[in-house]
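When a ligand or atom number is given, it counts from 1 through the structure's own listing order.
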Amino acid sequence: MPNAGIDVSAVALGLMRINDKSDAEIRNLYAAARESGINFFDNADIYGPTLHACEARFGGALKLSSSEREHIIIQTKAGIVKDQGYYDFSYDHIMQEVNDSLAALRTDYIDILLLHRPDALAEPEEVARAFSDLQAGGKVRFFGVSNHTPRQIDLLKMAVRQPIVANQMQLSMTHSFLVAQGIAANMREDQAVVRDGGGLVDYCRVGGITLQAWSPMQSGEGGLVLDHERYPELMEVVDHLATKYGVTPEAIATAWITRHPANIQVILGTTSPQRVRDSAAGADVVLTRAEWYAILRAAGWIVP
Ligand SMILES: NC(=O)c1ccc[n+]([C@@H]2O[C@H](COP(=O)([O-])OP(=O)(O)OC[C@H]3O[C@@H](n4cnc5c(N)ncnc54)[C@H](OP(=O)(O)O)[C@@H]3O)[C@@H](O)[C@H]2O)c1
């Protein structure tokens, strides 16, 4: 992560779906992640049925020792008021959520705090005050955003003094607007429609902001990206590459994202230890240019 100056694994484990898992299952999931080289764990105040539920499941099941805590990166998010349907980047909301996240996670510090979704009423000075107080108090080391456009990041940077280290966006082999739009620019096709504020991937690369891909196995249209019935052409390519590289289709879905030179970090959401291992193995597969584009075309995107 260039703007944080820290080394993180190319694949991270997202914890949005762990609420119903037992402590032993969460420990096994964590162990599988660590064995697979994952040092990065993504959470949010709103994951689970009640506020801070998934953070509390993680913190409670693992009860991390201080030495283990030092070896991992804990990222969490704030800014969504889920039960009332609005966004809140106010000083009071950010401070409250971080304090509650720290308690739920049973940790003294959060490595990275993301603002979860852009707040139309965002006031950069409020955000800046919260970030500065959180950093000065040793509660948060680094700050980032999620689902933000370049201009929304610029707006925050008017007042925020800390570097924005990450922007977490939805990206999978089929939900690939981020990388597909640019190659169809100025065309009549729907693919040319700008959905990310324009040039988000390049903006992040230029500015040292690490892009993170959420829902890497979801199609974006409901269901999984690895669905033979729905995506027969794509799966033919994926299965062929899985055989060629001796990995599973999940690994190819991961490899397609990690192959991008923006060093996009894949945020896995599986709760299965075996799928963690299988998917994480994709970070070691380096697809050729031809293979990367073959997946893009088979997923239905135009390569003009
Ligand atoms: N910033 C944001 O706005 C935002 C939004 C959503 C999510 N996120 C983050 O991104 C993380 C990942 O999101 P996600 O959970 O949607 O990721 P995902 O990895 O795309 O999907 C995981 C889900 O797909 C299932 N799955 C994966 N591969 C499968 C297969 N081969 N066969 C059957 N089921 C399969 C998993 O089931 P099993 O558990 O049974 O494997 C799990 O239910 C979340 O944990 C969260 O941290 C962020």
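Listed as neighbours of ligand 1 are Gly14, Leu15, Met16, Arg17, Asp42, Tyr47, Lys77, His116, Ser146, Asn147, Gln168, Trp214, Ser215, Pro216, Met217, Gln218, Leu224, Glu250, Ile267, Leu268, Gly269, Thr270, Thr271, Ser272, Arg275, each bearing a heavy atom under 4.0 Å from the ligand.
Proximity of the aromatic rings of Trp301 and Tyr293 is defined here by a centroid distance below 6.0 angstrom, and this criterion is not met. A ring-centre distance under 6.0 Å is not found for His93 and Tyr91.
In summary, the side chains of Asp45 and His116 do not present any donor paired with an acceptor at a separation below 3.5 Å, with no hydrogens or angles considered.
Below 30°, between 30° and 60°, or above 60°: for Trp292 and Trp256 the angle between ring planes is below 30°, a parallel geometry.
Side-chain contact between Arg69 and Ile74 is present, with heavy atoms from C-beta onward closer than 4.5 Å.
No donor-acceptor pair closer than 3.5 Å links the side chain of Asn167 to the backbone N or O of Ile209.
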